[in-house]
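Worksheet: one structure, shown below.
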Amino acid sequence: MILATDVHYFDGRARAAGVLFADWSDALAAATLTADIDAVADYQPGAFYRRELPCLAALLAKLDAPPECIVVDGHAWLDGAGRPGLGAHLWESLQRRVAVVGVAKTRFVDTPAEAEVLRGGARPLYVTAAGLEPALARAAVARMAGAHRLPDLLKQADRLARGG
C-alpha cells in the first residue's frame with residue numbers, strides 16, 4: 001500500500017491524516033486514518049521536520065504494517081546536493097525501510113529543475129524521493145488520479161488533516 005499524508009496545525013495541536021491506496025493511478029482511497037496530537041513543537045525555520053515527524057510517527061503507529069511508500073506534503077530533498085527535507089528525515093527515521101516521496105507545492109531555493117512535475121496547469125509540483133528512484137517517483141505522481149495540479153488523493157489527505 002501507498003500512504004499519502006498531510007498534517008494540519010491549530011491551537012498548539014495537530015491532526016495528521018493518511019489516505020491508503022494500492023496503485024499510483026487509483027482514484028479512490030482503500031482506507032483513511034487520522035491521528036490527533038495534543039502538543040506539537042513550535043515551527044523552527046530550517047527545521048520543519050522536527051515539528052512534522054512526531055505527527056507522522058503518531059499516524060504510522062496506527063497502521064498494522066508499514067506501507068511500501070509514504071507520500072509527504074513537502075520535499076524529500078531540498079536541493080541537488082542532498083540536503084535533507086522532511087521526506088529524507090522520515091526515511092531515515094524508518095531506517096530506510098520505507099520509500100518516501102515528497103510532493104511540494106513550492107520550490108525550495110536550490111530545488112533542481114528536474115524535480116518539476118506539471119499536472120493540470122502551468123505551475124509545477126516539486127517531486128523528490130528517498131529510497132525510490134527520483135524519475136520513478138515523478139512518473140508516479142504525474143499519473144495519479146485527478147485533473148488538477150494536486151492529485152485527488154493528496155487533496156483528500158489535506159481535507160482529512162483539516163478536519164473534513
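One is the number of the first residue; the rest follow in order along the sequence.
I37 and L3 end up in the same hydrophobic cluster when Ile, Leu, Val, Met, Phe, Trp and Tyr side chains are linked at under 4.5 Å. Connection of L60 to V19 is not established within any shared hydrophobic cluster, with ILVMFWY side chains joined at heavy-atom distances below 4.5 Å, either directly or through further cluster members.
In this structure, M144 and S25 have side chains that are not in contact, with every pair of non-hydrogen atoms separated by 4.5 Å or more. Between V7 and L56, the closest side-chain pair of non-hydrogen atoms falls below 4.5 Å. Side-chain contact between V103 and D73 is absent, with no heavy atoms from C-beta onward closer than 4.5 Å. Between T128 and P134 the shortest side-chain heavy-atom distance does not fall below 4.5 Å. No side-chain heavy atom of P54 sits less than 4.5 Å from a side-chain heavy atom of V40. A heavy-atom distance below 4.5 Å is not found between the side chains of P151 and W24. The shortest distance between side-chain heavy atoms of L53 and L86 falls below 4.5 Å. Contact annotation: the side chain of L28 never approaches that of D152 to less than 4.5 Å [non-hydrogen atoms, C-beta and beyond].
Residues A130 and A88 share a closest heavy-atom pair of CB-CA, 4.2 Å. Counting all heavy atoms, side chain and backbone alike, V98 lies closest to P67 at CG1-O, 3.4 Å. Taking all atoms of both residues into account, the shortest heavy-atom contact from T5 to V72 is OG1-CA, 3.6 Å. Heavy-atom minimum distance, L132 versus A99: CB-CB, 4.1 Å. Considering every non-hydrogen atom in both H148 and K155, the closest pair reads CD2-NZ, 3.4 Å. Here the closest heavy-atom approach between residue T34 and residue A17 is recorded as CG2-CB, 4.1 Å.
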Worked check of side-chain contact (heavy atoms from CB on, under 4.5 Å) between T106 and T111: CA-CA 10 Å; T106 57; T111 302; over 6 Å; no
Go through the steps to decide whether M1 and F21 satisfy the test side-chain contact (heavy atoms from CB on, under 4.5 Å), and finish with yes or no. CA-CA 6 Å; M1 293 297 270; F21 53 101; 5.6 Å; no
Go through K105 and R123 one step at a time and tell me if the side-chain contact (heavy atoms from CB on, under 4.5 Å) criterion holds. CA-CA 9 Å; K105 294 179 277 307; R123 289 185 6 200; 5.8 Å; no
Could you please spell out the steps behind the side-chain contact (heavy atoms from CB on, under 4.5 Å) verdict for L90 and I70? CA-CA 9 Å; L90 178 59; I70 300 169; 3.9 Å; yes
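A distance-only check finds a donor-acceptor pair linking the side chain of W77 to the backbone of A129 [under 3.5 Å]. Although no hydrogens or angles enter the test, the distance criterion places a donor-acceptor pair under 3.5 Å between the side chain of R138 and the main chain of E114. The backbone N or O of L125 lies less than 3.5 Å from no partner atom in the side chain of R107, so there is not a single donor-acceptor pair. Side chain of R51 to main chain of A41: a donor-acceptor pair is present (N/O by atom type, distance under 3.5 Å, no hydrogens or angles). Not a single donor-acceptor pair under 3.5 Å links the side chain of D26 to the backbone N or O of A29. Checking side-chain atoms of H75 against main-chain N and O of P84 turns up no donor-acceptor pair under 3.5 Å. Looking only at distances, no side-chain donor or acceptor of R96 sits under 3.5 Å from a matching main-chain atom of W91. The backbone N or O of A35 lies less than 3.5 Å from no partner atom in the side chain of K62, so there is not a single donor-acceptor pair.
When T32, I2, L153, L63 are each tested for a side chain to side chain contact (heavy atoms under 4.5 Å, CB included) with L20, only one passes: L63.
Here CG of L150 is found 12.0 Å from CD of Q156. Values are rounded to the nearest 0.5 Å. R119 CZ to R149 CZ: the interatomic distance, rounded to the nearest 0.5 Å, is 10.5 Å. Taking OH of Y43 as the start and CZ of F48 as the end, the distance is 8.0 Å to the nearest 0.5 Å.
For D6 and R15, the salt-bridge test fails: no basic side-chain N is under 4.0 Å from an acidic carboxylate O. Look at R50 and D42 and you find no salt bridge, because none of the NZ, NE, NH1 or NH2 atoms lies under 4.0 Å from a carboxylate O. The pair R13-D38 does not count as a salt bridge, with every side-chain nitrogen at least 4.0 angstrom from each carboxylate oxygen.
R83 CZ: 12 or fewer foreign heavy atoms inside a 6.0 Å radius.
A side-chain N or O of Y9 and one of E52 form a donor-acceptor pair less than 3.5 Å apart.
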